[in-house]
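Step one of this worksheet: look at the structure below.
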Amino acid sequence: MPELPEVETVRRDLAVALRKRRIESVELPFPGSLRGAGRNGFVRQLTGARFAGARRRGKFLILGLDSGQSLVVHLKMTGVLQHQKADDSLPKAARIIFYFRDGTRLVFSDQRKFGTVRLCGRPEQLPDIGALGPEPLTRSFTPLALGARLAGRRAPVKAALLDQTVVAGLGNIYTSEALHRAGILPQRPAGKLSIAEVERLHRSIRSVLEAAIKARGSSVNTYRDGRGERGWFQTAHRVYDRQGRKCKRCGCVIVRETLRGRGTYWCPGCQR
DNA sequence: AATCGTTCCTGATAGC
DNA sequence: TGCTATCAGGAACGAT
């Protein structure tokens with residue numbers, strides 16, 4: 001599933017691939033992916049618009065347009081946004097297609113139909129984006145800021161980290177990976193971590209996200225980058241999807257358990 | 001304010 | 001072999 005490193009990889013790919021491209025036409029095989037404006041307004045406002053910049057906030061991808069509006073995309077579980085050549089085959093789950101003059105196209109595909117695409121004027125004013133916690137790779141994300149967001153919470157720290165108002169961009173893969181790197185059990189109450197533990201967690205979140213971006217993300221399932229290719233950080237996972245296998249650090253057997261309805265992975269040897 | 005249950009969806013897999 | 005039931009999960013939403 002696309003989390004911060006995957007969305008950031010797509011952003012970087014598309015910032016280059018779409019630069020100054022003008023949308024010639026739009027096709028909507030599945031308008032259900034749209035949020036906000038209806039299909040007619042969507043097509044009308046985008047036809048003729050030119051791409052101008054690609055940003056990211058948490059797991060939201062924000063594609064700017066010269067009209068001043070932005071396309072706000074959330075890939076959720078299985079969304080893929082890729083720039084295709086004219087002779088590439090269209091994905092089976094194509095939901096929205098933007099065609100360019102040279103025959104290439106930007107395709108939003110989504111097997112499970114959870115992903116959303118919205119055209120809006122001020123993305124930061126959308127409630128979902130406005131409520132997001134700090135960006136973990138910016139200077140505003142400090143150990144103190146993380147500690148303040150976790151304070152008073154009795155929920156398991158894994159569940160707290162999945163809450164996008166605590167930190168923006170973490171999902172099921174990187175919460176488990178960061179907690180392993182920090183040596184903290186996912187079940188620990190979020191508000192009861194020591195200062196040293198919060199500092200380790202802060203450092204681990206940053207380091208695992210940075211490493212994953214360098215590896216162009218984790219292709220566990222359907223994730224593909226902006227060019228339609230896989231990432232390789234899944235080969236560096238220390239706990240995620242490794243239940244029953246040995247911890248690379250201490251040799252203990254990795255455990256998987258459902259916590260708050262989410263698959264959760266940890267090493268009983270390294271994490272306490 | 002925090003937290004919990006429900007909902008959306010479909011491919012993969014387990015069980016018979 | 002082929003059918004059916006179950007599972008996976010991000011996050012909005014309503015309820016507590």
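Chain identifiers are assigned alphabetically (A, B, ...) following the order of the sequence lines, protein sequences preceding nucleic acid strands; residue numbering begins at 1 within each chain. This one's a predicted model, so the numbers in the text were calculated from it and none came from an experiment.
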| query | If you pin A:Arg153 and A:Arg262 to their nearest nucleotides in DNA chain B, which one's is more 5'? | reply | A:Arg153

| task | Would you indicate which nucleotide in C:dG10, C:dG9, B:dG11 comes nearest to any side-chain atom of A:Arg112? | result | C:dG9

| task | Calculate the interatomic distance between A:Leu126 atom CG and C:dA11 atom C1'; express it in whole Å. | result | 14 Å

| Side-chain donor-acceptor pair under 3.5 Å between A:Ser70 and A:Arg55, yes or no? | no

| request: Measure from CG on A:Leu150 to P on B:dA2 and round the result to the nearest Å. | output: 11 Å

| query | Distance check: side-chain N/O of A:Arg95 vs OP1/OP2 of B:dC9, anything under 4.0 Å? | reply | no

| task | Scan A:Glu3, A:Glu8, A:Glu6 and name whichever one has a salt bridge (Lys or Arg N to Asp or Glu O under 4.0 Å) with A:Arg56. | result | A:Glu8

| query | Stacking here means centres under 5.5 Å and planes under 30°; does A:Phe114 stack on C:dG9? | reply | no

| task | Mind calculating the distance between NZ (A:Lys158) and P (C:dG9) to the nearest angstrom? | result | 8 Å

| Lys/Arg N to Asp/Glu carboxylate O, A:Glu177 vs A:Arg238, below 4.0 Å | no

| Lys/Arg-Asp/Glu bridge criterion (N-O < 4.0 Å) met for A:Arg22, A:Asp66 | no

| What is the distance from NZ of A:Lys113 to P of B:dT10, rounded to the nearest Å? | 4 Å

| query | Which whole-number value in Å describes the distance from A:Asp110 CG to C:dG10 C1'? | reply | 11 Å

| note | note: A:Arg57, atom CZ; C:dA11, atom P; distance rounded to Å ~ 13 Å

| How close or far is atom P of B:dA2 from atom NZ of A:Lys192, stated in whole angstroms? | 17 Å

| Check ion pair A:Arg216-A:Asp225 (N to O, under 4.0 angstrom) | yes

| field | Residue-phosphate contact under 4.0 Å: A:His74 side-chain N/O, C:dA11 OP1/OP2 | value | yes

| request: Would you tell me if any nitrogen or oxygen in the side chain of A:Lys59 comes within less than 4.0 Å of OP1 or OP2 on C:dG10? | output: no

| query | Do the charged groups of A:Arg105 and A:Glu27 touch, with an N to O distance under 4.0 Å? | reply | no

| request: Could you check which residues of residues 28-35 of chain A get a heavy atom under 4.0 Å from DNA chain B? Sort them by number, please. | output: none

| Can you tell me how far C1' of C:dG9 sits from CZ of A:Arg256, to the nearest Å? | 10 Å

| task | Please determine if a side-chain N or O atom of A:Arg260 lies less than 4.0 Å away from the OP1 or OP2 oxygen of B:dC4. | result | yes

| request: Take A:Asp128 and A:Tyr240, find for each the nucleotide of DNA chain C with the closest heavy atom, and name the residue whose nucleotide sits nearer the 5' end. | output: A:Tyr240

| said: If you compare every side-chain N and O of A:Gln164 against the phosphate oxygens of C:dA11 (OP1, OP2), does one of them come in below 4.0 Å? | reply: yes

| task | Mind checking A:Met77 for me? I need base, sugar-phosphate or nothing, with any heavy atom below 4.0 Å counting as a touch. | result | base

| request: Select base, sugar-phosphate, or nothing to describe what A:Gly263 touches, counting heavy atoms under 4.0 Å on all strands. | output: sugar-phosphate

| message | For the CG atom on A:Leu90, are there more than 12 heavy atoms of other groups (residues, nucleotides or ligands in this structure) within a distance under 6.0 Å? | response | yes

| Is A:Arg21 salt-bridged to A:Asp102, going by a charged N under 4.0 Å from an acidic O? | yes

| message | Checking contacts here: which listed nucleotide (B:dT3, B:dG11, C:dA12) is nearest the side-chain heavy atoms of A:Gln111? | response | B:dG11

